[in-house]
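Model, not experiment: these values are computed from the prediction. Just so we're on the same page: letters track the sequence lines, and every chain starts at 1.
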Number of protein chains: 2
Amino acid sequence: MKKPEINSIEIARLAGVSRSTVSRVINQYPNVPATTREKVMRVIEKYQYVPNLSAQIMAGKNMRTIGLFMISSGLVSSDLLTNMLITCVIESASLRGYYVLTHIIRNTRDQEELRVVKETFHQKRIDGGIFIGAANYEPLIEEMIMEGYRVGIVDQNLPGSDEANRIVINFDNSRGMQQGLDYLVGLNHRDIAFISGDPLRCAGPEKYEGFLHGMAAHGLVVHNEWIISADFSEEGGYLATAEWLKTVDKLPTAIFAVNDSAAFGALHALGEKGLKVPEDISLLGFDDHILSSRIQPALSTIRIDFSSMMDKLTETLIESIEHGLNRPSRFVVGTELVARDSCKAL
Amino acid sequence: MKKPEINSIEIARLAGVSRSTVSRVINQYPNVPATTREKVMRVIEKYQYVPNLSAQIMAGKNMRTIGLFMISSGLVSSDLLTNMLITCVIESASLRGYYVLTHIIRNTRDQEELRVVKETFHQKRIDGGIFIGAANYEPLIEEMIMEGYRVGIVDQNLPGSDEANRIVINFDNSRGMQQGLDYLVGLNHRDIAFISGDPLRCAGPEKYEGFLHGMAAHGLVVHNEWIISADFSEEGGYLATAEWLKTVDKLPTAIFAVNDSAAFGALHALGEKGLKVPEDISLLGFDDHILSSRIQPALSTIRIDFSSMMDKLTETLIESIEHGLNRPSRFVVGTELVARDSCKAL
DNA sequence: CTGAAAGCGCTTACAG
DNA sequence: CTGAAAGCGCTTACAG
């Protein structure tokens, strides 16, 4: 049933050369005369010979595969942004002739899950891995880096950690927060609340700091009462905002959410309280989630170009796999204000 | 830098047994006494030994990886439904200890793309593959099946093709169309238009047939003028509907779209013409796209449980890889009406 | 119950 | 420019 597998010995015999020469042709070594090369190529084409991958790996070649690890407790299939990041990486890798092994990590404390992930590296199923959604300090990632595996990380800031096999990409959180606050202040808002994110992730504290700085830069005071603690998720944004609405004395005129998902949740909670956006209160997000332009009201936000961000990360990882990198790689991607309908001028 | 790789010879030496025995322990052969097993396991644990995957493959084991091939011309990362299907498969496979290699096929006529896909099978990178979005008859898929590879296919109906290595899953298009028409007729609609899908895909003609049957069952006439040819995409639905609106004499009271994406496009085109849904015209979709409940007006539709559908397909494929299947596998998943706000009673 | 040995299919120094 | 041979690390009949 299966196509009768042909191997390099057979090809060599049919072409009247040795396996060494077949291998040299396959691997495009320069020291093969054109005539020999063509002779061998003809046989290869004729029999549609494809070298056995496992044998190549055992002889020291690359797998041409990268691992993609999404750390996420919820059901990933329902998170649009996560889904998009996955396909971005796949497309980018595919463009460069690489395959992507995707794995979803539900719980980074689950030993069995960790074992599977580590095994992926140890078995050499992959030449390197990309981690998305991890805490700023994640033991699993640090272990893989210590062991020398090449790792790409989205959203991490670990001062002093600049191993050559660590590739990090961040968005410019402080500039993004600044842009958002400039926009809100430009609309004459002075009473601004902030929905914060998971403090364990890198972007959480960074955005919070950015908020404090931006407010200070505009000479505005930050009311503790107007700091709403959430966790980047829609549900978290909803619950935190609903809770906050029960106790808050005086409402701000605007809410700056740590990301769009949290803003969706807040929108929901505000709606339940009968508060209209932007008539009663303005709402600004961060990310430019795929849904943001489609919800009612269309959400104003700070856009991050996730697509080119993941492309850059994937490209750099593959480059480091193929050519080796001896310098640490860090990138910061820009942000951009997208004004839609969720913020009104006072 | 890299962890000093330890191999089975070393483990055998440290445990005072032969490699054969180590292998027997690893592979959980029954004929190893508990004491020997434990002795070996202790060494394995101590050195965190993981067998080399490529060596295992060469010795005849499974890769424990399935390929996922998305056939899609557009930028997949922007298609929510596609993204969701990808993560469904990943989650399902992961649950069973399998890895997923995802690949996006832009153009099934591009020889280079085809070569890469076939290579994935030939190199034995994967133990089987799942194809989504292919034409009903896709030479690439047929070739892989002919060569004996195990293949899972979403949405295919090829009479007489029932090789044991072909696993097919379909949604119940005719029943779904029937449910939709029952609903519309129940709302007293009699003038019903249909936006059709890509005729090369399996679901295209099936839904069209279903529409014709359903209309006949209700004693309603199908006006040629009210058959709008599109292709399952939002853009296609938009363009076809916009064009149709320019020429149509008398408007129907309802439009049944071949899927939700097409319905989104139609909604857009209707809006541009100043036609309100459902006030001026009712609109019914098919799929229950992730956005359907969130758009304005929330789209009534025929739901397919994509998640359990992909889970079933993945499960069956993995089962067939591990235990072999000698009977062809075909599944049909049910449909369910979800009434929201886009259809009004007359 | 267990070990020695063959076999899987490549790549790459090495020697010429 | 090219071939013979070693080496990669497993599994599994085979023999005992």
Side-chain angles (χ1 to χ4, degrees), chain A residues 2-41 43-44 47-65 119-125 127 322, chain B residues 2-41 43-44 47-65 119-125 127 322:
Chain A
K2 290 246 177 172
K3 177 184 266 189
E5 306 275 347
I6 195 169
N7 61 22
S8 70
I9 294 193
E10 201 62 6
I11 296 292
R13 200 179 53 70
L14 290 161
V17 297
S18 72
R19 313 164 69 189
S20 314
T21 300
V22 172
S23 184
R24 288 188 188 101
V25 169
I26 290 281
N27 293 294
Q28 315 199 43
Y29 277 34
N31 57 347
V32 182
T35 53
T36 309
R37 176 186 312 281
E38 276 155 28
K39 186 172 59 179
V40 175
M41 279 309 287
V43 181
I44 289 177
Y47 292 88
Q48 302 225 54
Y49 166 66
V50 180
N52 179 298
L53 179 70
S54 298
Q56 287 182 308
I57 306 293
M58 285 204 51
K61 300 232 120 182
N62 272 350
M63 191 78 178
R64 292 188 79 78
T65 302
E119 189 178 83
T120 315
F121 284 92
H122 293 147
Q123 288 185 328
K124 293 198 190 158
R125 269 179 193 274
D127 305 314
E322 302 202 325
Chain B
K2 289 247 178 168
K3 177 184 265 191
E5 305 277 346
I6 196 168
N7 61 23
S8 69
I9 293 193
E10 202 61 6
I11 296 292
R13 199 179 53 72
L14 290 159
V17 297
S18 71
R19 311 166 70 192
S20 314
T21 300
V22 172
S23 185
R24 288 189 188 100
V25 170
I26 289 282
N27 293 293
Q28 317 199 41
Y29 276 35
N31 56 348
V32 181
T35 54
T36 310
R37 179 186 311 282
E38 274 155 29
K39 184 171 62 178
V40 175
M41 279 309 288
V43 180
I44 288 177
Y47 292 89
Q48 302 224 52
Y49 166 67
V50 180
N52 179 298
L53 178 69
S54 299
Q56 288 182 307
I57 306 293
M58 286 204 50
K61 300 232 122 183
N62 272 350
M63 190 76 180
R64 291 187 80 76
T65 302
E119 189 178 84
T120 314
F121 284 91
H122 293 147
Q123 288 184 331
K124 295 197 188 159
R125 268 179 194 275
D127 305 314
E322 302 202 325

Does [N] have its OP1 or OP2 closer than 4.0 Å to a side-chain nitrogen or oxygen of [X]?
X: B:T36; N: C:dT2; value: yes
X: B:T21; N: C:dG3; value: yes
X: B:S8; N: D:dT11; value: no

Kindly write out the residues that satisfy side chain to side chain contact (heavy atoms under 4.5 Å, CB included) with [X], not counting sequence neighbours, or none if the list is empty.
X: B:V32; answer: B:R24, B:V25, B:T36, B:R37
X: B:P30; answer: none
X: B:V43; answer: B:I11, B:L14, B:A15, B:Y47

Open item on the list: Return the CD1 to CD distance between A:I6 and A:Q48, rounded to the nearest 0.5 Å.
Closed with: 10.5 Å
Open item on the list: If I take atom CD1 from residue B:I57 and atom CE from residue A:M58, how far apart are they, to the nearest 0.5 angstrom?
Closed with: 11.5 Å
Length of the line joining [X]:[atom1] and [N]:[atom2], which is rounded to integer Å:
X: A:K61; N: C:dA13; atom1: NZ; atom2: P; result: 11 Å
X: A:M58; N: C:dG7; atom1: CE; atom2: P; result: 16 Å
X: A:Q56; N: C:dC8; atom1: CD; atom2: C1'; result: 14 Å
X: B:L53; N: D:dT11; atom1: CG; atom2: P; result: 11 Å
X: B:E10; N: D:dC8; atom1: CD; atom2: P; result: 12 Å
X: A:E38; N: D:dC1; atom1: CD; atom2: P; result: 14 Å
X: B:I9; N: C:dA4; atom1: CD1; atom2: P; result: 11 Å
X: B:Y49; N: D:dG9; atom1: OH; atom2: P; result: 10 Å

Task: Sugar-phosphate, base or nothing in reach of B:S54, heavy atoms under 4.0 Å - done: nothing
TODO: Sticking with atom C1', work out how far D:dG16 lies from D:dT12, rounded to a whole angstrom.
DONE: 16 Å
Open item on the list: Rounding to an integer number of angstrom, what distance separates C:dA5 and C:dC1 when you compare their P atoms?
Closed with: 24 Å
In terms of side-chain heavy atoms of [X], which of [options] is nearest?
X: A:S20; options: D:dT12, D:dA5, D:dG9; result: D:dA5
X: A:N7; options: C:dG9, D:dG9, C:dG3; result: C:dG9
X: B:A59; options: C:dG7, D:dG3, D:dC8; result: C:dG7

Task: Over all atoms of both residues, closest heavy-atom pair of A:S18 and A:A12 - done: C-CB, 3.6 Å
Open item on the list: Can you pull out every side chain to side chain donor-acceptor pair (under 3.5 Å) where at least one residue sits in residues 50-63 of chain B? Sequence neighbours excluded, please.
Closed with: B:N27-B:K61
Open item on the list: Suppose the criterion is side chain to side chain donor-acceptor pair (under 3.5 Å): which pairs have a residue in residues 7-16 of chain A, not counting sequence neighbours?
Closed with: A:E10-A:R13
Task: Residues from residues 23-33 of chain A lying under 4.0 Å of DNA chain C - heavy atoms - done: A:S23, A:R24, A:N27, A:Y29
Task: Residues in salt bridge (charged side-chain N to carboxylate O under 4.0 Å, His left out) contact with A:E322, at least two apart in sequence or another chain - done: A:R64
TODO: For DNA chain D, list all stems, counting runs of three or more consecutive pairs where every pair is Watson-Crick or G-U wobble with both distances under 3.5 Å.
DONE: C:1-3 with D:14-16, C:5-12 with D:5-12, C:14-16 with D:1-3
Open item on the list: Treating A:R125 as the side-chain partner and A:E119 as the backbone partner, does any N or O pair qualify as donor plus acceptor under 3.5 Å?
Closed with: no
